[in-house]
K.L.:
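Just dropping this structure here.
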Amino acid sequence: MVGENDTFEVYQDKRGEWRWRRKASNGQIVGAATEGYEKKSDCEANMNRGPNPKDKWEFYEDKRGEWRWRRKAVNGNIIGAASEGYKKKSDCEANAARQGWQG
């Protein structure tokens with residue numbers, strides 16, 4: 001399955017908040033937290049969210065004409081987003097599937 005060999009890294013940013021990033025086996029970042037967390041446990045809970053049928057997924061073209069995705073929780077907060085743009089929407093959707101999008 002795509003993404004099964006991905007690794008996660010949890011780190012503190014310059015403001016001292018906790019963030020996560022997901023790396024593919026080639027070292028490329030394929031997902032990342034969109035916000036910092038005061039508690040490491042909250043960051044890890046977001047990182048391990050997995051599929052959630054209540055989440056809303058948006059696919060859109062950015063200013064450069066590349067495809068991106070963002071994931072929103074029921075409360076409207078963005079809880080994940082593409083870390084890069086994709087030339088093809090199908091590649092963007094494949095990246096979102098690594099993060100829990102189920103089509």
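All of these numbers come straight from a predicted model, not from anything done at the bench. In this chain, residues are counted from 1 in sequence order.
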K.L.:
To the nearest 0.5 Å, tell me how far Lys40 NZ sits from Gln12 CD.
P.N.:
8.5 Å
K.L.:
Would you find a donor on one side and an acceptor on the other, under 3.5 Å apart, between the side chain of Glu44 and the backbone of Lys39?
P.N.:
no
K.L.:
Mind listing the closest non-hydrogen atom pair of Asn75 and Asn77 along with its distance?
P.N.:
OD1-N, 2.9 Å
K.L.:
Just checking, any donor-acceptor pair under 3.5 angstrom between side chains of Asp42 and Trp18?
P.N.:
no
K.L.:
Let me see the working for Lys23 and Glu9 under side-chain contact (heavy atoms from CB on, under 4.5 Å), right down to the final yes or no.
P.N.:
CA-CA 8 Å; Lys23 291 185 177 184; Glu9 178 181 19; 3.5 Å; yes
K.L.:
Do NZ/NE/NH1/NH2 and the carboxylate oxygens of Asp55 and Lys72 come within less than 4.0 Å?
P.N.:
no
K.L.:
Would Arg68 and Tyr86 count as a side-chain contact (heavy atoms from CB on, under 4.5 Å) here? Give the steps.
P.N.:
CA-CA 7 Å; Arg68 293 182 173 267; Tyr86 296 88; 5.9 Å; no
K.L.:
Hey, does Ile79 have a side-chain heavy atom less than 4.5 Å from the side chain of Arg49?
P.N.:
yes
K.L.:
When you measure from the centre of the six-membered ring of Tyr60, is the NZ or CZ of Arg70 under 6.0 Å away and within 45° of the axis?
P.N.:
yes
K.L.:
Do Ile29 and Arg22 make a side-chain contact, defined as non-hydrogen atoms from C-beta onward lying under 4.5 Å apart?
P.N.:
no
K.L.:
Please report the C-alpha distance between Glu84 and Gln28 in whole Å, then the side-chain angles of each, then the deciding distance to 0.1 Å, and finally whether the side-chain contact (heavy atoms from CB on, under 4.5 Å) criterion is met.
P.N.:
CA-CA 10 Å; Glu84 65 180 301; Gln28 184 177 9; 2.7 Å; yes
K.L.:
What closest approach, in Å, do Ser25 and Asp6 show between heavy atoms, and which atom pair accounts for it?
P.N.:
N-OD1, 4.2 Å
K.L.:
So, Asn95 side chain and Val30 main chain: donor-acceptor pair closer than 3.5 Å or not?
P.N.:
yes
K.L.:
Is a donor on one side and an acceptor on the other found under 3.5 Å between the side chain of Ser83 and the backbone of Ala32?
P.N.:
no
K.L.:
Between Thr34 (side chain only) and Ile78 (backbone N and O only), is there a donor and an acceptor less than 3.5 Å apart?
P.N.:
yes
K.L.:
When you look at Trp69 and Trp57, which way does the ring-ring contact (aromatic ring centres under 6.0 Å, His included) test go after all the steps?
P.N.:
CA-CA 7 Å; Trp69 61 265; Trp57 292 82; 5.3 Å; yes
K.L.:
Could you tell me which residues satisfy ring pair (Phe, Tyr, Trp, His ring centres under 6.0 Å) with Tyr11, sequence neighbours excluded, listed by chain and number?
P.N.:
none
K.L.:
Between Lys56 and Arg71, is a side-chain contact (heavy atoms from CB on, under 4.5 Å) present by the stated rule, with each step listed?
P.N.:
CA-CA 6 Å; Lys56 302 292 182 210; Arg71 181 181 189 180; over 6 Å; no
K.L.:
At what distance, to the nearest 0.5 angstrom, does SG of Cys43 lie from CG of Asn48?
P.N.:
9.0 Å
K.L.:
State the CG-CD distance between Asn52 and Gln102, to the nearest 0.5 angstrom.
P.N.:
9.0 Å
